[in-house]
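Okay, so here's the structure we're looking at.
We count residues from 1, following the sequence as given.
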Amino acid sequence: MKRKKKSVLMDLIMLPLCAIVAYPFIYVLMGAFKSRGEFAVNPYGWPQSATIQNFLKAFEGVSFIRILWNNIFITVLSVLAVTIISAMAAYAVVYNNCKVNRGIRIYLLLGFFIPFQATLLPLYQLYSSMGLMDKLYGIILLHAGSISLPFFMFYGSIQGLPREYAEAAWMDGCSVPGTFFRIIFPLTRPVMITQVIFTFFATWNDYLAPSLFLTSRDKGVLILEVTRAVSRNSVDWGRSFAVVTITLILPFIFFLAAQKYLISGMAAGGVKG
């Protein structure tokens, strides 16, 4: 009986909190189906006459498929690069704990204390001198270097694995890369999925780097199109909300498919050996 009362009380607390969290998304969705005139007179209510014109004009002057492809291309390759680089670095540090690798671990730890914004000026100068401006692979390279958090997640997971797994593979003649890809890396699956989720959202929703390093519109990403509806004198909120809705669809589907791995992966990443 006490457990049932506690469950009901928890539901009464959580339902209003869920409504508060969900309201901004519902508001954006409603706004995406309102005309500009209706948005002016009825900004918070349900659409009286729903229209899809905002979605049709959301990407005027540029191919929606091209922008979507840019987003997917940058995100997928960034996720792959971050996952492989951080996992291999953690594997090397755990199984070869020399002074150089300990220095690498400290160096990556410093990444938590240096904000990305503090590196923008030198990065801009470097990208300009190397011809990486307005290049999709320049953004991928930028994200591939952001491995501090993924590295320590993999480090905790690999450190928690019995060392005998790798030693048995080496005794059987398996190479160091073979041991990593065939044995160690698959065993980090919960952490790997969690890291993929974090990197996916960080890359997909990144506004600052594309706005600085991608200068032409046809090489832009979805989130940059939100600002296209904003002019000097007015804001087309319906069009902005339509772009936001389109931008949120794929991450929402991805999160629904991967959410069950999130908590288990975060717990596994904190295992100490």
Side-chain angles (χ1 to χ4, degrees), residues 67-94 104-105 107-120 123 127 132 135-160 180-181 184-214 219-224 226 244 246-271:
I67 297 294
L68 180 62
W69 166 250
N70 292 344
N71 237 112
I72 294 174
F73 181 75
I74 292 172
T75 302
V76 171
L77 291 189
S78 296
V79 168
L80 288 174
V82 169
T83 302
I84 297 298
I85 293 171
S86 57
M88 293 179 69
Y91 172 70
V93 171
V94 169
I104 292 173
R105 187 175 64 178
Y107 173 76
L108 290 173
L109 184 63
L110 294 175
F112 288 112
F113 303 101
I114 302 175
F116 173 67
Q117 291 80 358
T119 66
L120 286 178
L123 275 173
Y127 268 50
L132 293 174
K135 299 289 192 300
L136 296 183
Y137 58 80
I139 302 297
I140 295 168
L141 184 63
L142 191 67
H143 287 294
S146 305
I147 65 168
S148 291
L149 178 60
F151 167 80
F152 282 101
M153 291 177 67
F154 278 112
Y155 180 83
S157 178
I158 295 174
Q159 196 178 40
F180 170 74
F181 285 107
I184 302 300
F185 190 53
L187 291 174
T188 64
R189 183 170 175 265
V191 165
M192 177 178 60
I193 294 174
T194 303
Q195 181 277 134
V196 165
I197 295 172
F198 286 159
T199 306
F200 176 90
F201 282 104
T203 307
W204 185 273
N205 296 322
D206 184 26
Y207 175 81
L208 187 57
S211 66
L212 289 174
F213 299 113
L214 298 177
K219 291 185 179 178
V221 293
L222 288 171
I223 199 166
L224 292 181
V226 177
V244 171
I246 295 170
T247 306
L248 289 174
I249 289 174
L250 189 58
F252 181 72
I253 295 172
F254 177 77
F255 182 76
L256 288 180
Q259 63 175 331
K260 64 180 180 180
Y261 301 104
L262 185 60
I263 301 301
S264 61
M266 292 178 67
V271 172

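Looking at Leu136 and Asn70, their side chains come closer than 4.5 Å, going by heavy atoms from C-beta outward. Between Leu224 and Val221 the shortest side-chain heavy-atom distance falls below 4.5 Å. Here the side chains of Phe73 and Ile139 are not in contact, with every heavy-atom distance at 4.5 Å or above. Two residues are said to be in side-chain contact when any heavy atoms from C-beta on lie closer than 4.5 Å; Lys219 and Phe213 fail this criterion. Side-chain contact between Tyr137 and Leu132 is present, with at least one heavy-atom pair separated by less than 4.5 Å. At a threshold of 4.5 Å between non-hydrogen side-chain atoms, the residues Phe154 and Ile184 do not count as touching. Contact check for Tyr155 versus Leu108: no side-chain heavy atoms found under the 4.5 Å cut-off.
At least one donor-acceptor pair closer than 3.5 Å links the side chain of Thr188 to the backbone N or O of Phe185. Panel note: side chain Tyr127, backbone Gly138; a donor-acceptor pair is recorded below 3.5 Å. Under the 3.5 Å distance criterion, the side-chain polar atoms of Trp204 are left unmatched by any main-chain donor or acceptor of Leu222.
More than 12 non-hydrogen atoms from other residues, nucleotides or ligands lie less than 6.0 angstrom from CZ of Phe112. Heavy atoms of other residues, nucleotides or ligands lying less than 6.0 angstrom from CZ of Phe252 number 12 at most.
Nearest approach of Ile158 to Ala87, heavy atoms of both residues: CD1-O, 4.0 Å. Contact record, Ser148 with Gly111: OG-CA, 3.5 Å, taken as the closest heavy-atom pair. Residues Gln195 and Met153 come closest through the heavy atom pair N-CE, 4.1 Å. The minimum heavy-atom distance between Ile147 and Ala144, with the atom names listed, is CG2-O, 3.2 Å. Here the closest heavy-atom approach between residue Arg105 and residue Phe151 is recorded as CG-CE2, 3.9 Å. Val82 and His143 make their closest contact through CG2-O, 3.2 Å (heavy atoms, listed as atom of the first residue, atom of the second, distance).
Between Phe201 and Phe255, the ring planes lie perpendicular to each other; the angle is over 60°, past the 30° to 60° tilted range.
In this structure, CD1 on Ile246 lies 13.5 Å from CD1 on Ile223, to the nearest 0.5 angstrom. Rounding to the nearest 0.5 Å places CD1 of Ile84 at 6.0 Å from CZ of Phe180. Residue Leu149 holds its CG atom at 7.5 Å from OG1 of Thr199, rounded to the nearest 0.5 Å. In this structure, the separation between CE on Met192 and OG on Ser86 is 10.5 Å, given to the nearest 0.5 Å. Here the straight-line distance linking atom CG of Asp206 with atom CZ of Phe116 works out to 6.5 Å at 0.5 Å rounding. Interatomic distance, Leu141 CG to Leu77 CG, rounded to the nearest 0.5 Å: 12.0 Å.
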